Participant: 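My questions will all concern the structure given below.
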There are 2 protein chains.
Amino acid sequence: MKLKDPEKVELIFAATLRLVRDNNLTALNMAAIGKEAKLGMGTIYGYFKSKDELINSLFKKLKGKNLDRIYAGLSPDAPFKVNMKKLVDNYIDNRVRYFSEHYFVEQCANSHFLDEEARAINQNSYTRLFELLNRGKNELLVKDIDNALLAAHMVGSANELVNICIAAHRPLTRDFLDQAFLLCWDAIKR
Amino acid sequence: MKLKDPEKVELIFAATLRLVRDNNLTALNMAAIGKEAKLGMGTIYGYFKSKDELINSLFKKLKGKNLDRIYAGLSPDAPFKVNMKKLVDNYIDNRVRYFSEHYFVEQCANSHFLDEEARAINQNSYTRLFELLNRGKNELLVKDIDNALLAAHMVGSANELVNICIAAHRPLTRDFLDQAFLLCWDAIKR
DNA sequence: TTCTTTACTGAATAAATATTCCATTAAATT
DNA sequence: AATTTAATGGAATATTTATTCAGTAAAGAA
């Protein structure tokens, strides 16, 4: 007998990401996914039981993958500021490099598609950043301001910086990353 | 004869804003708007020729209104930092006070609904901020970094701060506004 | 008050889109 | 090579949602 092809899921995911990048989540439909992935619509339903499940499944996969990448290379032994620079670099670089993934995640977060579990995952994404900020406060390097505020400032700023970068087809230079970090660091430093 | 009631448009707009605030733009439909506004579906088509026109029309109205409010009370005679504080205060206060309006605008910007004109309006919203930042640079108060980067940092940060504020049902205190401005000012100041 | 005109309603229709179904195809097993 | 089993494609169907339309109600004019 023929076995389900594990690569097809990736094909479907990749097609979905391209479609959302080019036409927004609001315009996504199953016929388009089938066409883009060069698969029959029925095939998609062999891998996902509904459009909602497909979207949630991709969302959860991306959310985990992206979080891992963002915190890669941080070390408790390195000085706080070095870790912070690494984090901001990772964050911006990842967001540009995997733009369509982040764009999809963002669109999902603002949609009615996500289930309870996906929403919970989305909430927890700040946990590791809060831990890092606490260390900065212990070392008297970071302003004594609520972590939620500090994190919002960093993340909001970085996201918008990347959006501009993408919209203007501006390549991601070392200079850009350094300037972005300068803004971020001056903001949060005590 | 009976005359078209100009208040109905406002009724429809208000219903749309409530629905999008509670259920996202992705779930918005004409039947729901009719029900929420206590109007027949056909009535809505007396005021707008399609769902798309309704959305674009509301988007354009809000975009102009919100921009005016944000720059209200700024004066070329006041010191740069005072204007900047006023701007950030206005921006955050407005975003919290008229959250459903901003939320709608944001969801539209990430949808396939907007027409050419609406997209153009959305682009120009940074113009006045750029002028203000140029003044800050002339007075050697602001870092010599591309306006687009500075603006992205300010706006992105402020938006995310407000989102947190709303999500946590945190009231908008003077303290919060001062801390938000402190982060913002330290970031951009030379 | 009656007539005329236009707005209003919401059920009926059209259009878009999700999901199912089955004939066909392809891989594994014998 | 024949048989079996499951995956595949895409037309057919179901569902959802936008739009229209015919009957009704309301406001102004005569």
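Treat the numbers as computed from the prediction; the structure is a model and nothing was measured. Lettering follows sequence order; numbering is per chain, from 1.
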Participant: Per the salt bridge (charged side-chain N to carboxylate O under 4.0 Å, His left out) rule, what does the pair list look like for residues 22-42 of chain A, sequence neighbours excluded?
Facilitator: A:Arg18-A:Glu36
Participant: Starting from P on C:dA27, measure out to CD on A:Glu7 and report it in whole angstrom.
Facilitator: 14 Å
Participant: Got a sec, which residues hit salt bridge (charged side-chain N to carboxylate O under 4.0 Å, His left out) with A:Glu160, two or more places apart in sequence or on another chain?
Facilitator: none
Participant: Is there a residue in residues 23-34 of chain B whose heavy atoms reach under 4.0 Å of DNA chain C, and which residues are they?
Facilitator: none
Participant: If we only count heavy atoms from C-beta on, is the A:Ser100 to A:Val20 side-chain gap below 4.5 Å?
Facilitator: no
Participant: Which whole-number value in Å describes the distance from A:Leu39 CG to C:dT24 P?
Facilitator: 21 Å
Participant: Over how many whole Å does the gap from A:Leu11 atom CG to D:dT8 atom C1' extend?
Facilitator: 13 Å
Participant: A:Lys35 NZ to C:dT17 C1': how many Å, rounded?
Facilitator: 15 Å
Participant: May I ask you to decide whether A:Lys81 forms a salt bridge with A:Glu139, counting only side-chain N to carboxylate O separations under 4.0 Å?
Facilitator: no
Participant: OP1 or OP2 of D:dT8 sitting under 4.0 Å from any side-chain N/O of A:Lys8?
Facilitator: yes
Participant: Contacts to DNA chain C from residues 41-55 of chain B, heavy-atom cutoff under 4.0 Å, which residues?
Facilitator: B:Met41, B:Gly42, B:Thr43, B:Tyr47
Participant: Determine, using ring centers only, whether B:Phe13 and B:Tyr47 are less than 6.0 Å apart.
Facilitator: no
Participant: What orientation do B:Phe80 and B:Trp185 show, parallel under 30°, tilted 30 to 60°, or perpendicular over 60°?
Facilitator: tilted
Participant: For the residue pair A:Asn90 and A:Lys86, establish whether any side-chain heavy-atom pair is separated by less than 4.5 Å.
Facilitator: yes
Participant: Would you jot down, in residue-number order, the residues of residues 104-116 of chain B having a non-hydrogen atom under 4.0 Å from DNA chain C?
Facilitator: none
Participant: Should B:Arg128 and B:Asp68 count as an ion pair when the cut-off is N to O under 4.0 Å?
Facilitator: yes
Participant: Excluding sequence neighbours, so at least two apart, what forms ring pair (Phe, Tyr, Trp, His ring centres under 6.0 Å) with B:Tyr71?
Facilitator: none
Participant: Can you see whether A:Arg69 engages A:Asn66 through a side-chain donor-acceptor pair at a distance of less than 3.5 angstrom?
Facilitator: yes
Participant: For A:Asn147 and A:Asn134, does a side-chain donor sit closer than 3.5 Å to a side-chain acceptor?
Facilitator: yes
